Amino acid sequence: TYTISIKATSDKYEITALNGSLKVNKKSVAVDWVGINTSYTYDSTDRTGAITASYKSVIDGSVITATITFGKKSTVFLTAGEYSVTATPADGNYTLTNAVQTVTMKKADYESASHKNVTGVYDPNTTLKSYKLNTNYFWTYENNVPNCVDKNYSAYYNADPENYNNFYFDIIVELKK
């Protein structure tokens, strides 16, 4: 806001000076985002270095780089989840119209997993939970009781549940009577 004062003299007119004010509002401009997509699939790559935001000066058309901040975690874009990316003007003369972008880092899928067969002796009181699997392997229905007829039982593998979807497959359970 600026104060305006007028000072004038005239021998032909009576002049009354009134002080006033002039308020200059910030100009709204759109951010030009580069290197940003709304969705990625996890691959352990930090994508923050490739993202830039800028806008054009309304005075001379020059490109001004905006400051970028990333929401959610300190190790941004290194884990699956939703992130906000915010551009802030480099000076106080502008308001940025599309300053916040939401980016989703989707969990990745494992390509394959396998486990050796499981063996044991049939017991109607023993559930799959009793048959231990290797690290990061889990029974899908651990409370099911395996039998001597059905051999395939659903299991899944996941060594990094924060960033990967479970990989489901069957494990053969061979039981003797």
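Because the structure is a prediction, the values reported are computed rather than measured.
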Q.
How long is the straight-line distance from OG1 of T45 back to OH of Y40, given to the nearest 0.5 Å?
A. 11.0 Å
Q | Point-to-point distance, once rounded to the nearest 0.5 Å, from CG of L78 to OG of S44 | A | 8.0 Å
Q. Taking only residues two or more places apart in sequence or in another chain, which ones pass ring-ring contact (aromatic ring centres under 6.0 Å, His included) with Y153?
A. none
Q: Provide the closest heavy-atom pair for A159 versus P161 in the form atom of the first, atom of the second, distance.
A: C-CD, 3.8 Å
Would you tabulate the side-chain donor-acceptor contacts of residues 142-150 under 3.5 Å, counting partners in other chains and residues two or more places apart, or write 'none'?
{"from": "N147", "atom 1": "OD1", "to": "V149", "atom 2": "N", "distance (Å)": "2.8"}
{"from": "N147", "atom 1": "OD1", "to": "D150", "atom 2": "N", "distance (Å)": "2.6"}
{"from": "N147", "atom 1": "ND2", "to": "D150", "atom 2": "OD2", "distance (Å)": "3.1"}

**Q.** Residues in side chain to side chain contact (heavy atoms under 4.5 Å, CB included) contact with T97, at least two apart in sequence or another chain
**A.** S28, A30
Q.
Any heavy-atom pair between the side chains of T65 and T52 that's under 4.5 Å?
A. no
Q. Just wondering, do W33 and N98 contact through their side chains at under 4.5 Å, heavy atoms?
A. yes
Q.
Measuring from atom NZ of K116 to atom CD1 of I171, what distance do you get when rounded to the nearest 0.5 angstrom?
A. 10.5 Å
Q: Test T127 against Y141 for side chain to side chain contact (heavy atoms under 4.5 Å, CB included), laying out the working first.
A: CA-CA 9 Å; T127 64; Y141 308 104; over 6 Å; no
Q | Side chain to side chain, D170 and S154, heavy atoms closer than 4.5 Å | A | yes
Q: Would you give the length of the straight line joining atom CD1 of I68 to atom CD1 of I51, rounded to the nearest 0.5 angstrom?
A: 7.0 Å
Q) What distance do E174 atom CD and N117 atom CG have between them, rounded to the nearest 0.5 Å? A) 5.0 Å
Q: For the pair T48 and V85, evaluate side chain to side chain contact (heavy atoms under 4.5 Å, CB included) and give the outcome as yes or no after the intermediate values.
A: CA-CA 9 Å; T48 58; V85 184; over 6 Å; no
Q) Got T119 and L175 here, is their nearest side-chain heavy-atom distance under 4.5 Å? A) no
Q: Side-chain contact test, heavy atoms from C-beta onward, threshold under 4.5 Å: evaluate it for T140 versus L128 and give yes or no.
A: no
Q: Quick one: list whatever passes ring-ring contact (aromatic ring centres under 6.0 Å, His included) with Y157, sequence neighbours left out.
A: Y110, Y137
Q. Distance-only, no hydrogens or angles: does the Y94 side chain make a donor-acceptor pair with backbone N or O of K56 under 3.5 Å?
A. no
Q. Closest approach of Y83 and M105, non-hydrogen atoms and distance?
A. CE1-CB, 4.0 Å
(Q) Do W139 and V173 have side chains that approach each other closer than 4.5 Å (heavy atoms only, starting at C-beta)? (A) yes
Q | Reported NZ-to-OG1 distance for the pair K107 and T79, which is rounded to 0.5 angstrom | A | 10.5 Å
Q. Within a radius of less than 6.0 Å around NZ of K151, do more than 12 heavy atoms belonging to other residues, nucleotides or ligands occur?
A. yes
Q | Closest heavy-atom pair and its distance - I64, A90 | A | CG2-CB, 3.8 Å
Q) Mind checking whether H115 and F169 have side chains closer than 4.5 Å, heavy atoms only? A) yes
Q.
So does S39 get a backbone contact from the side chain of N37, meaning a donor-acceptor N/O pair under 3.5 Å?
A. no
Q. Rest of the hydrophobic cluster containing Y156 (Ile/Leu/Val/Met/Phe/Trp/Tyr, side-chain heavy atoms under 4.5 Å)?
A. F138, Y168
Q) Side-chain heavy atoms under 4.5 angstrom apart, residues restricted to Ile, Leu, Val, Met, Phe, Trp, Tyr: same cluster for Y55 and V58? A) yes
Q. If you take all heavy atoms of R47 and T41, which pair is closest and at what distance?
A. NH2-O, 3.6 Å
Q) Which residues pass the side chain to side chain donor-acceptor pair (under 3.5 Å) test with N136, sequence neighbours left out? A) none
(Q) Please check: side-chain N/O of N93 versus main-chain N/O of K27, any donor-acceptor pairing under 3.5 Å? (A) no
Q) If you look at every heavy atom in S84 and V100, which pair is closest and at what distance? A) CB-CG1, 4.3 Å
